[in-house]
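Read the structure below first, then the notes.
Note that ligands are numbered from 1 as they come in the structure, with each ligand's atoms numbered from 1 the same way.
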Amino acid sequence: MTVLVTGGAGYIGSHMVLALRDRGEQVTVLDDLSTGLQSLLLPEVPFVQGDIGDDAVLDAVLSDPSIDTVIHFAARIVVPDSVADPLGYYLNNTVKAHRLISACVRHGIKRFIFSSTAAVYGETGSEPVLESSTLNPISPYGRSKWMVEWMLRDTAAAHDFKALVLRYFNVVGADPQGRSGQSGRNATHLIKVAVETALGLRPHMTLFGTDYPTPDGTCIRDYIHVSDLIAAHLCGLDHLRQSPDGFSVYNCAYGRGASVLEVIDSVKRISGVDFTVLQAGRRAGDPASIIADGQALRRDLGWQPRHDSLDEMVRHALQWERKHSNLQPYSIQS
Ligand code: UDP
């Protein structure tokens with residue numbers, strides 16, 4: 001039994017590969033290295049550099065008869081970019097997922113785990129969102145993922161194919177052992193940007209929007225440590241191997257939110273640096289608040305979070321950034 005991890009050279013995918021290897025699973029990685037990094041690949045894990053939308057690549061990779069599960073991370077993930085480039089997002093996240101799922105059916109792959117997103121919910125209000133809550137994505141990113149959820153649901157109904165959709169809330173932090181973390185320049189995600197600013201890689205950071213209908217006026221998100229997110233995938237993989245369920249969807253989150261100001265405060269406290277935060281207007285496509293009801297994952301899959309404190313997530317992000325950034329200031333700031 002081999003698990004194919006698409007996007008295995010990326011931030012979350014590389015943590016998945018580590019966790020699978022830690023428990024002795026066979027893994028193959030497919031990644032086009034457009035945003036993933038060669039340095040995050042493990043030398044002992046077979047790696048194919050290629051596009052998940054390329055039938056020839058998929059047929060070559062999936063002709064390995066030991067591959068029976070695909071965990072699909074490869075995607076574009078920046079909400080404001082999706083607003084600026086919707087067709088690019090629908091191509092990468094939706095059309096190419098269609099190619100990948102089609103290849104899985106063609107090659108008799110029985111199990112598929114899909115990285116979906118809280119962005120499928122859209123404006124959720126202050127109530128925690130359940131998996132059964134109304135979906136009303138407000139960005140092309142959210143819609144690009146929602147369409148894949150539908151494809152998987154319909155494919156699971158029509159074929160011998162089980163699919164698990166995991167809706168990620170805001171994934172942060174880094175491997176506690178320092179083996180992987182968020183890398184790459186031009187980061188847009190809050191904790192990464194704040195950590196880079198604390199370490200002097202940026203002269204300042206920008207806070208987008210202080211007039212949201214939240215207690216301190218800044219957006220609220222349900223941040224989840226990447227290692228807990230990966231633990232959810234392992235529970236999901238075990239579930240798919242044992243369960244007759246053809247299709248299921250779970251939120252991946254702790255069920256509790258932090259505001260942008262609370263995150264910035266945590267980064268300042270943990271780093272000991274009082275960096276400059278500029279205030280700007282709202283960023284396109286940002287809902288005011290997204291908090292999950294994360295009970296179903298615990299109840300049905302036996303998931304148990306181990307790193308659910310904001311300070312710990314920030315500490316691991318800082319630890320990774322200190323170790324792996326070359327501490328050169330960036331030329332482009334935002
Ligand atoms: N944010 C911010 N400054 C930044 C990056 C993000 O104020 O440099 C805010 C952003 O507007 C949102 C929250 O932080 O309200 C989380 O954004 P992020 O990009 O981390 O995740 P998203 O929820 O958009 O996936």
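If you number the atoms of ligand 1 from 1 as listed, the ones under 4.0 Å from a heavy atom of Asn170 come out as 21 (O), 22 (P), 23 (O), 25 (O).
Ionic pairing of Asp81 and Arg76 is not present here: no N-O contact between side-chain nitrogen and carboxylate oxygen is shorter than 4.0 angstrom. Contact check on Asp222 versus Arg256 returns no salt bridge, with no Lys/Arg side-chain nitrogen under 4.0 Å from an Asp/Glu carboxylate oxygen.
At least one N/O-N/O distance between Phe208 and ligand 1 falls below 3.5 Å. On a distance-only criterion, Leu190 and ligand 1 share at least one N/O pair closer than 3.5 Å.
Not counting sequence neighbours, Arg298 has no partner by the side-chain hydrogen bond (donor to acceptor under 3.5 Å, both in side chains) test. In this structure, Tyr212 has no side-chain hydrogen bond (donor to acceptor under 3.5 Å, both in side chains) partners at least two apart in sequence or on a different chain.
Contacts between His189 and ligand 1, counted as non-hydrogen atom pairs separated by less than 4.0 Å, involve both the backbone and the side chain. Residue-level proximity to ligand 1 for Thr206 is carried by the backbone, the only part with a heavy atom below 4.0 angstrom. Heavy atoms of Val263 found under 4.0 angstrom from ligand 1: none, in either backbone or side chain. Within the 4.0 Å heavy-atom criterion, neither part of Arg282 lies near ligand 1.
Ring pair Tyr223/His189: centre-to-centre distance not below 6.0 Å.
Counted within 6.0 Å of CD on Gln304, heavy atoms from surrounding residues, nucleotides or ligands total 12 or fewer; the atom is thus considered open.
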